Amino acid sequence: MQKRLVALLLVSVMTLGLLAGCSSAPKNPGSDNTATTAAEETAAALAGTGGTFRDPVTSDLDVMNPFIYTKESASYMLDLTGMTLYRMYANDEGTKYIRVPELAESNPEQMDEDRLVWQIKIRKDAKWANGDPVNANDVVYTLKMAWDPLLINKQSNQIADNYIQIKNAVAYSMQGSDNSVSWDDVGVKALDDYTLQLELAAPATEYDIIAHFANTWCTIVHPATFEACMSEDRTSCTYGSSLDSYMSCGRYIFTQWVPGALFRCEKNPDYVLPKYNKLDAIELRVVTDSNAALELYLNGEVDRVQLPDAAVDTYIDDPSLISMPANAVRMISVNSKNTNNNGILGNVNFRKALFYAMDRVSMAKVAYGTPANYVIPLKCVDDDGVQVRSREDAKSYLTKNNGYDPALAKEYYDKAMEECGLDKLTLTLLYSESDSTNKASSEFLTKSLPEIFGDSFTLQLQAQPGNVLSGIWKSARNGDDNAFELSWNSWNTSTVAPWNGMKIYLSDYANRSTNYSNPEYDALWQKANQDIEAKLNPELRMDLTLQMEQIALEDLPYIPVLERPIYYLVNPRVHTFSAQYVPAYGYGFYEGWVEE
């Protein structure tokens, strides 16, 4: 019977593959090129230069304001054309990620014994696109605008209190028009044109400060341009809403903006780290349909394409195919506050029944993925750049057989049904109508779960548009306990700071999709992320992180199922910075070059 279910799952995905619009014998540009070794390709990337890299993106660009952008395209363009104090690149061997000073001249310097006062030297050779020098006053202005109490910027709290807590920054930004907190009391000062001083509300490490200021939302803004875009009452600002209202200073200069179609940036000859901007230009082309993007790639109009789920089977043996770890573990969110069915979703024995009933191997096989009986994704690394899932201590508590144990699942199911006084149970599982992998997995579960639990159990499916799903989760967060029962979900968590990314299980996390709460878990997260002892001891912090994972796997507010790698077809004329995937960095498409 299990083989029949796997066959059904295969048929489901293969049928979706036929709908992808691909020919039976696709021709991939240059797919017959001879492969080179990783070392040779990395050396070639470092030696070469030039070309235009054409990259499809799925969303339009909303605004080039680092404090309020929401679209992924804006994040890309801000990273390409703006500067932060520090930035993540790969080392010259293309084997490990590193954080390097970008606008900063060097790493932050600790100025007191309590780790509260720090100074950062600013480069003297950085320039805005119009030739103005970039200096410490620009950084201070940027932070003041980010926390402006009248602008009420979306990212203000992230910039004030994330890896570090800057003194009085949150209070200043949250005061509205009260004027109860003076800017002079906020812990940011320019001691001179090229020295920035920070005063923190809690002790921090050098790592914390570098990681904090490497984020896109810490991209500096051009003061004169920002001021010119400010409304008369200073409650709104149009900075970055058009090419004329934005100023570049990063690796590339933003030169063309065709809304809904194309964003082009060209090499900045004055960039402070020239080995990272070898391309002549980068073009981001808006293509909202994944199958249309694939056709553009096959026609030679773009240089790489992320394969739609349904097309992976067609191209899995293509020599130009590369993969990257999934952004997140695909999980089933369990609404434990739901009161239907005598509150069985709040019964931990039922959630354990679901966990052990997941045939992760069968579902992952069809998705060309990895079975996941864990919640920290494969992409995550520790302080040494080692993948967390490869650590022995991170393997020690994982269940055998990838968590699949039908007999144990039935035992937990029977116990939960008895405890809740039920003899029949019907649940509804939500999934995104555009996600073929979750659709196929859901259809598989409608057959496999009743075979394990018996005729008393029925699983119904309901496809929803992505925006509708987001609304349903928001309703659950806002107190609608019966907004949903089960729903596919995933979290794009922090790659280099899994201890921070585990905030998705916090009782007060704003973007969670369930009402899960565990005070012990909350305390572990606080210690791992805010206690100076943990910050100074990487092994202690990782131990706290793994303790959090163990609690999540015991309480099971989400049922982890699988990870599906991200697959790309890449034109062989593209030379990435690294020939192999570098954990937490990738391949370095924007740092490589293209043969013309």
Side-chain angles (χ1 to χ4, degrees), residues 72 75-76 78-80 84-91 93-100 102 155 158 162-164 205-219 276 306 322-331 369-370 372 374-391 393-395 489-506 509 511-512 525 528-529 534-535 538-539 541-546 548-549 552 558 560 562-568 576-578 580-591:
E72 191 174 41
S75 174
Y76 292 156
L78 284 165
D79 284 342
L80 288 168
T84 50
L85 288 170
Y86 300 94
R87 187 172 294 278
M88 185 183 294
Y89 286 121
N91 61 10
E93 294 74 33
T95 58
K96 184 177 180 180
Y97 86 90
I98 55 174
R99 284 195 175 97
V100 300
E102 188 180 38
Q155 302 288 1
Q158 291 271 39
N162 190 23
Y163 287 91
I164 61 175
T205 64
E206 179 183 284
Y207 172 91
D208 294 329
I209 295 170
I210 292 173
H212 185 92
F213 287 108
N215 284 299
T216 303
W217 50 75
C218 290
T219 300
Y276 297 116
Q306 181 177 335
I322 66 169
S323 66
M324 297 174 63
N327 286 326
V329 174
R330 295 183 184 230
M331 301 183 282
T370 303
Y374 48 78
V375 298
I376 299 176
L378 288 167
K379 71 172 186 174
C380 289
V381 296
D382 62 17
D383 278 350
D384 294 323
V386 175
Q387 288 182 299
V388 173
R389 296 265 63 100
S390 69
R391 293 171 55 110
D393 53 354
K395 299 176 183 177
N489 210 327
S490 60
W491 297 93
N492 188 355
T493 189
S494 172
T495 302
V496 297
W499 46 88
N500 183 279
M502 295 294 282
K503 62 190 172 189
I504 65 171
Y505 298 100
L506 286 175
Y509 181 57
N511 293 321
R512 60 190 183 145
W525 189 91
N529 286 275
K535 289 183 175 187
E539 281 305 306
R541 183 157 57 179
M542 183 52 60
D543 180 64
L544 294 168
T545 304
L546 298 184
M548 285 187 267
E549 182 176 48
Y558 303 89
L562 61 90
E563 291 192 65
R564 185 189 178 281
I566 303 170
Y567 292 98
Y568 289 96
T576 55
F577 190 88
S578 174
Q580 58 189 356
Y581 171 78
V582 178
Y585 170 72
Y587 290 91
F589 285 96
Y590 296 156
E591 291 79 63

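Everything numeric here is computed off the predicted structure, so don't read it as measured data.
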Problem set entry | Between CG on residue N162 and CG on residue N500, distance to nearest 0.5 Å | 5.5 Å
Seminar exercise, completed: Given the options T84, I164, T219, F213 meets side-chain contact (heavy atoms from CB on, under 4.5 Å) only with I164
Exercise. When you look at Y558 and V375, which way does the side-chain contact (heavy atoms from CB on, under 4.5 Å) test go after all the steps?
Worked result: CA-CA 9 Å; Y558 303 89; V375 298; 5.9 Å; no
For this session: Give the intermediate values and the outcome of side-chain contact (heavy atoms from CB on, under 4.5 Å) for residues V496 and R99.
Result: CA-CA 11 Å; V496 297; R99 284 195 175 97; 3.0 Å; yes
Exercise. Quick one: salt bridge (charged side-chain N to carboxylate O under 4.0 Å, His left out) partners of K535, sequence neighbours excluded?
Worked result: D208
Exercise. Is there a donor in the side chain of Y585 and an acceptor in the side chain of E591, or the other way round, less than 3.5 Å apart?
Worked result: yes
Exercise. Given side chains that start at C-beta, do those of D393 and D543 come closer than 4.5 Å, heavy atoms only?
Worked result: no
For this session: Spell out, as yes or no, whether a donor-acceptor pair under 3.5 Å connects the side chain of D384 to the backbone of V386.
Result: no
For this session: Answer yes when E539 and R391 have at least one side-chain N-carboxylate O distance shorter than 4.0 Å, and no when they do not.
Result: yes
Exercise. Which heavy-atom pair separates L378 from Q387 by the least distance, and what is that distance?
Worked result: O-NE2, 3.0 Å
For this session: Evaluate the side-chain proximity of V388 to L546: yes if any heavy-atom separation is below 4.5 Å, no if none is.
Result: yes
For this session: Indicate yes or no for a side-chain donor-acceptor contact from R541 to the backbone of N529 under 3.5 Å, with no hydrogens or angles considered.
Result: no
For this session: Evaluate the ring planes of Y207 and Y163, with Trp represented by its six-membered ring, and classify them as parallel (under 30°), tilted (30 to 60°) or perpendicular (over 60°).
Result: perpendicular
For this session: Determine the minimum heavy-atom distance between T495 and A584, stating which atoms define it.
Result: CG2-CA, 3.4 Å
For this session: Calculate, to the nearest 0.5 Å, the distance between atoms CD1 and CD1 belonging to I210 and I98 respectively.
Result: 11.0 Å
Seminar exercise, completed: Of all heavy-atom pairs linking D383 and W499, the shortest is OD1-CH2, 3.1 Å
Problem set entry | Value rounded to 0.5 Å, distance of OH in Y509 from CH2 in W525 | 10.0 Å
Exercise. How many angstroms lie between CG in N215 and CE in M88, if you round to the nearest 0.5 Å?
Worked result: 9.0 Å
Exercise. From I322 CD1 over to Y581 OH, what is the distance, rounded to the nearest 0.5 angstrom?
Worked result: 11.0 Å
Problem set entry | Close side-chain approach of Y587 and F577, heavy atoms under 4.5 Å | no
Seminar exercise, completed: Here the pair of heavy atoms bringing V329 nearest to P560 is CG1-CB, 4.0 Å
For this session: Look up atom CG in D79 and atom OG1 in T216, then write down how far apart they are to the nearest 0.5 Å.
Result: 3.5 Å
For this session: Take T493 and M502, measure what side-chain contact (heavy atoms from CB on, under 4.5 Å) needs, and give me the verdict at the end.
Result: CA-CA 8 Å; T493 189; M502 295 294 282; over 6 Å; no
Problem set entry | P325 to K379 - nearest heavy-atom pair and separation | CB-CB, 3.9 Å
Exercise. Do you know the tightest heavy-atom contact between P583 and G385?
Worked result: CB-O, 4.4 Å
Exercise. With a 4.5 Å heavy-atom cut-off, do Y86 and E102 have their side chains touching?
Worked result: no
Exercise. Given Y374, which of E563, E549, K395 fulfils the side chain to side chain donor-acceptor pair (under 3.5 Å) condition?
Worked result: E563
